[in-house]
Amino acid sequence: MNLRKTKLAFLLFLAISIIVSFSICFAQLNTRTEIDIPDIPGYITLKCDFHMHTVFSDGDVWPTVRIEEAWLQGFDALAISDHIEYLPYKEDIKPNHNRPYEIAKPRADELGIILIKGAEITRSMPPGHFNAIFLQDIDPLDTKEWRDAIKAANDQGAFVFWNHPGWRQPDEIPIWYDEHTELFQNGSFQGIEIVNEYSFYPKAYQWARDKKLTILGNSDVHSPIHQTYDLTQGEHRPVTLVFAKEKSEQAIKEALLARRTAVYHNDLLIGEEQFLKPIFEQAIKILNPSVSIKGSGR
């Protein structure tokens with residue numbers, strides 16, 4: 001009888017332990033982890049990712065999953081930028097360029113995430129791939145000629161940036177073609193990714209400094225985020241830091257056009273001193289501002 005009670009007590013203890021462990025794991029999986037980068041004087045620091053994909057192009061997840069992932073990882077704003085021209089699942093998912101935004105927007109509103117309508121203009125190099133965000137309607141960008149697609153984005157007042165400029169180039173070193181000069185001189189794109197997924201393009205960063213282009217660092221994620229980055233080991237996706245006057249879509253657009261951005265990639269903060277210096281100053285606290293020395297000590 002005592003043995004039977006002991007077994008029941010053990011089984012009860014085991015069941016409670018399993019339930020508690022599951023509850024803790026579930027809570028951890030559904031707890032937002034903040035990206036602890038401070039605001040700077042005059043602006044709030046918004047954590048953003050403006051380049052990602054869903055099953056409506058060549059991604060592996062439903063649009064709302066991108067919202068959940070971003071919220072859990074501490075992001076403030078994102079853009080789903082499915083390919084316009086490349087739709088490998090079109091036999092299974094009815095092609096609709098605007099649909100990912102429409103599906104994801106209600107969940108984004110619930111979680112306080114700013115969702116920006118975007119798309120990726122996907123052409124061979126040159127000129128390569130460009131993201132257009134702050135779009136009203138993606139359909140006009142679905143054209144045969146790439147110049148017409150980029151013009152359609154600009155006609156809507158979109159912010160256009162060059163994606164992964166070193167992609168499929170020897171040693172991932174970006175090449176600036178005549179087509180990019182044409183687009184740049186026309187004011188047809190305003191930014192450039194200096195970081196895409198794991199790749200950092202120093203040459204693209206120098207172009208951005210020389211040509212006054214806005215710098216961005218984005219994930220370009222296709223699979224579930226935890227399959228791309230080992231979150232258990234502290235890995236994180238690239239983050240575009242936007243120094244905005246307030247947390248709103250319009251304020252983000254204003255900051256991007258004003259080039260008030262920096263990039264958080266691995267253990268690097270990349271950007272202009274005017275933005276990084278105040279981050280450093282607010283991230284460091286001097287515990288002993290003055291020290292008295294006695295005798296001949298140093």
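One-based numbering along the sequence shown.
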If only side-chain N and O atoms count, and only distance matters, is there a donor-acceptor pair under 3.5 Å linking [Y] with [X]?
X      : Y      : answer
Asp220 : His53  : yes
Glu102 : Asn98  : no
Gln233 : Glu235 : no

I need the minimum non-hydrogen distance between [X] and [Y], along with the two atoms involved.
X      : Y      : value
Ala104 : Thr64  : CA-CG2, 4.3 Å
Ile215 : Thr240 : O-CG2, 4.3 Å
Glu68  : Arg107 : OE2-NE, 2.5 Å
Asn266 : His236 : O-NE2, 2.9 Å
Ala208 : Ile192 : CB-CG2, 3.9 Å
Glu69  : Ile225 : OE2-N, 2.9 Å

With clusters defined by side-chain heavy atoms of hydrophobic residues (ILVMFWY) lying less than 4.5 Å apart, directly or transitively, does [Y] cluster with [X]?
X      : Y      : value
Ile35  : Val195 : no
Trp176 : Tyr201 : no
Leu241 : Phe161 : no
Val242 : Ile270 : no
Val263 : Ile44  : no

Exercise. Less than 4.5 Å apart, any side-chain heavy atom of Ile40 and any of Phe243?
Worked result: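 Yes. Closest side-chain heavy atoms under 4.5 Å.
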Exercise. Any side-chain heavy-atom pair from Thr33 and Thr31 closer than 4.5 angstrom?
Worked result: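 Not in contact.
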Interatomic distance, [X] atom [atom1] to [Y] atom [atom2] [nearest 0.5 angstrom]:
X      : Y      : atom1 : atom2 : result
Glu85  : Ser124 : CD    : OG    : 10.5 Å
Tyr198 : His265 : OH    : NE2   : 9.5 Å
Gln190 : Asn154 : CD    : CG    : 5.5 Å

Problem set entry | side-chain contact (heavy atoms from CB on, under 4.5 Å) assessment of Leu256 paired with Ile133 | CA-CA 11 Å; Leu256 290 174; Ile133 58 177; 4.0 Å; yes
Exercise. Pick from Val221, Asp82, Val65: which one makes a side-chain contact (heavy atoms from CB on, under 4.5 Å) with Thr54?
Worked result: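 When side-chain contact (heavy atoms from CB on, under 4.5 Å) is applied between Thr54 and each of Val221, Asp82, Val65, only Asp82 qualifies.
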Exercise. Yes or no on side-chain contact (heavy atoms from CB on, under 4.5 Å) for Asn131 and Val160, after CA distance, side-chain angles and deciding distance?
Worked result: CA-CA 6 Å; Asn131 265 15; Val160 181; over 6 Å; no
For this session: Evaluate salt bridge (charged side-chain N to carboxylate O under 4.0 Å, His left out) for Lys47 paired with Glu34, printing each intermediate quantity in order.
Result: CA-CA 10 Å; Lys47 294 81 178 180; Glu34 298 294 340; over 6 Å; no
Problem set entry | From CA spacing to verdict: side-chain contact (heavy atoms from CB on, under 4.5 Å), Ile116, Lys253 | CA-CA 10 Å; Ile116 298 165; Lys253 184 176 182 180; over 6 Å; no
Exercise. Given the rule in the side-chain contact (heavy atoms from CB on, under 4.5 Å) test, do Tyr229 and Glu197 qualify, once you have shown the distances and angles that lead to the verdict?
Worked result: CA-CA 9 Å; Tyr229 302 95; Glu197 195 178 31; 3.5 Å; yes
Problem set entry | Residue pair Asp210, Lys203: steps toward the salt bridge (charged side-chain N to carboxylate O under 4.0 Å, His left out) verdict | CA-CA 11 Å; Asp210 295 341; Lys203 193 170 185 179; over 6 Å; no
Exercise. Are Phe134 and Phe50 near enough that their ring centres are under 6.0 Å apart?
Worked result: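 No, the ring of Phe134 stays outside the 6.0 Å limit from the ring of Phe50, centre to centre.
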